[in-house]
Enquirer: 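My questions all concern the structure below.
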Amino acid sequence: MTDRDPTLDPAAMRAHYRAEGLAETELAGRPMEQFARWFGQAVRAAERGAVYEPNAMVVSTADAEGRPSSRTVLLKQYDEQGFVFYTNYESRKARDLAASPYVSLLFPWHPMARQVIVTGTARRTGRDETAAYFRTRPHGSQLGAWASVQSSVIDSRAQLDVSYAELSARYPEGEQVPVPPHWGGFRIAPQTVEFWQGRENRLHDRLRYVAEADGSWKVERLSP
C-alpha cells in the first residue's frame with residue numbers, strides 16, 4: 001500500500017514524554033490512597049479540559065475457555081475494598097465474571113502520560129448498595145437499564161427506541177423506576193495495582209503494589 005498517507009502510518013507516530021518521574025519515596029502506604037491522589041489530579045486535569053472522563057476504565061475479562069474481551073466502563077466508587085462499576089448481569093462481561101472472577105482494569109490518562117493498571121477478583125455488590133446507586137442515576141439512564149438487553153443481538157436501532165419509548169410512557173419523569181433484577185454492581189478487590197508514569201526515551205516509571213497474605217502491600221519496580 002505505497003499510496004498510504006504517511007501521517008497515518010502508526011510506526012511513524014511518536015509521542016515524546018517529558019513528565020516528571022515517580023519515585024518509591026513519593027508513594028502512599030496503600031494503593032487505594034495512591035489511586036485517590038492520582039485520580040484527584042486526573043479530575044482536576046479534566047476540569048481544565050486536558051482529560052476526558054477520568055473515571056473511564058477499560059475492563060478486561062475472559063470467558064470459561066479463556067477468550068478475552070475488553071470494553072470501557074465508568075468507575076462509580078472506590079474505597080479500601082476496591083473499585084466498583086455497574087452493568088447488566090446478563091452482559092458478556094458479567095457472564096465472563098460468572099465463569100472466571102479474575103479481571104483487569106486500566107485507567108488510560110494519556111494526556112498526563114499516566115496509566116493505572118489493576119488486577120483482581122470481582123464479586124457482585126449487595127442489592128441495597130445497588131439500589132442506592134440506581135436512585136442517583138438520571139431518569140433516562142434508569143430507563144435505559146431496562147430497555148437494553150446488553151450484549152444481545154437486536155434487529156435494529158428502532159427496536160431499542162421502541163422499548164425505551166414504552167418504558168418512558170410507563171414510568172414518566174418524576175415516577176420512581178424500579179431497580180432491574182438483572183442489573184447491579186461489581187466490586188473489584190485489587191491484588192496488584194501498577195502506577196505507570198511516562199518518561200523520556202521510553203524509560204518509564206512502573207511501580208506496582210502487590211497484596212501480601214497478611215493484608216499488607218509490597219511495592220515492586222518493574223522494568224519498562
Side-chain angles (χ1 to χ4, degrees), residues 8 10 39 42-43 45-78 82-111 115-116 118 120 122-188:
L8 302 180
F39 183 71
V43 169
E47 292 170 350
R48 301 192 302 270
V51 172
Y52 183 70
E53 289 195 313
N55 61 324
M57 59 183 182
V58 179
V59 176
S60 298
T61 58
D63 65 15
E65 284 71 47
R67 292 171 296 202
S69 61
S70 299
R71 73 290 293 161
T72 301
V73 304
L74 297 179
L75 175 73
K76 288 302 176 182
Q77 182 186 343
Y78 68 91
F83 305 84
V84 177
F85 68 89
Y86 291 86
T87 188
N88 187 310
Y89 284 147
E90 298 172 357
S91 65
R92 178 176 179 177
K93 57 184 165 301
R95 294 196 305 269
D96 283 356
L97 292 173
S100 172
Y102 300 105
V103 62
S104 174
L105 311 177
L106 168 65
F107 293 86
W109 298 323
H110 299 307
Q115 302 178 71
V116 179
V118 180
R123 61 179 175 84
R124 292 187 179 190
T125 59
R127 294 310 292 173
D128 288 346
E129 183 177 357
T130 291
Y133 169 70
F134 188 80
R135 299 290 173 232
T136 70
R137 286 165 62 92
H139 181 74
S141 296
Q142 293 180 357
L143 297 179
W146 280 100
S148 171
V149 184
Q150 197 173 92
S151 301
S152 65
V153 177
I154 59 176
D155 294 331
S156 66
R157 172 73 195 201
Q159 177 183 342
L160 187 63
D161 291 340
V162 167
S163 177
Y164 184 87
E166 291 173 348
L167 287 160
S168 295
R170 187 183 310 167
Y171 302 107
E173 188 76 43
E175 185 167 331
Q176 187 175 82
V177 180
V179 181
H182 56 269
W183 188 93
F186 282 102
R187 175 172 281 102
I188 312 305

Enquirer: Roughly how far, to the nearest 0.5 Å, is the CD atom of E90 from the OG atom of S148?
Expert: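 The distance works out to 10.0 Å.
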
Enquirer: Tell me which pairs pass salt bridge (Lys or Arg N to Asp or Glu O under 4.0 Å) where either residue lies in residues 155-168, with sequence neighbours left out.
Expert: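 Qualifying pairs: R157-D161.
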
Enquirer: Drop me the distance from L75's CG to M57's CE, to the nearest 0.5 angstrom.
Expert: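 So the gap between those two atoms works out to 5.0 Å.
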
Enquirer: Within a radius of less than 6.0 Å around OH of Y78, do more than 12 heavy atoms belonging to other residues, nucleotides or ligands occur?
Expert: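 Yes.
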
Enquirer: How long is the span from the CD atom in E175 to the OG atom in S168, to the nearest 0.5 Å?
Expert: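 With rounding to 0.5 Å, CD (E175) is 11.5 Å from OG (S168).
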
Enquirer: If you round to the nearest 0.5 Å, how far is OG1 of T72 from CG of L106?
Expert: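 That separation rounds to 8.5 Å.
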
Enquirer: Just jot down the ring-ring contact (aromatic ring centres under 6.0 Å, His included) partners of W183, sequence neighbours excluded, or say none.
Expert: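 Residues passing ring-ring contact (aromatic ring centres under 6.0 Å, His included) with W183: Y86, F134.
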
Enquirer: What's the verdict on side chain to side chain donor-acceptor pair (under 3.5 Å) for S60 and S104, showing C-alpha distance, side-chain angles and the deciding distance?
Expert: CA-CA 5 Å; S60 298; S104 174; 5.1 Å; no

Enquirer: Among all residues two or more places apart in sequence or in another chain, which pass the ring-ring contact (aromatic ring centres under 6.0 Å, His included) test with H110?
Expert: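 If we apply the ring-ring contact (aromatic ring centres under 6.0 Å, His included) test to H110, skipping adjacent residues, there are no hits.
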
Enquirer: Could you go through the side chain to side chain donor-acceptor pair (under 3.5 Å) check for T87 and K93 one step at a time?
Expert: CA-CA 9 Å; T87 188; K93 57 184 165 301; 3.0 Å; yes

Enquirer: Under the side-chain contact (heavy atoms from CB on, under 4.5 Å) test, which residues partner A42, sequence neighbours left out?
Expert: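 For A42, the residues satisfying side-chain contact (heavy atoms from CB on, under 4.5 Å) (neighbours in sequence not counted) are P54, W109, M112.
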
Enquirer: Please lay out, stage by stage, how S69 and R67 fare under the test side chain to side chain donor-acceptor pair (under 3.5 Å).
Expert: CA-CA 7 Å; S69 61; R67 292 171 296 202; over 6 Å; no

Enquirer: The criterion is ring-ring contact (aromatic ring centres under 6.0 Å, His included); which residues satisfy it with F85, sequence neighbours excluded?
Expert: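 In terms of ring-ring contact (aromatic ring centres under 6.0 Å, His included), with neighbours along the sequence ignored, F85 is linked to F186.
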
Enquirer: Do Y102 and T61 have side chains that get closer than 4.5 Å, going by heavy atoms?
Expert: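 No. Closest side-chain heavy atoms not under 4.5 Å.
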
Enquirer: About how many Å separate NE2 of H182 and CG of N88, when rounded to the nearest 0.5 Å?
Expert: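 Between atom CG of N88 and atom NE2 of H182 there are 4.5 Å.
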
Enquirer: With rounding to the nearest 0.5 Å, note down the distance linking CG in L74 to CG in N55.
Expert: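 So the CG of L74 and the CG of N55 are separated by 5.0 Å.
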
Enquirer: Enumerate the side-chain hydrogen bond (donor to acceptor under 3.5 Å, both in side chains) contacts for residues 123-135, please, sequence neighbours excluded, ordered by first and then second residue.
Expert: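 Sorted result for residues 123-135: T125-T130, E129-R187.
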
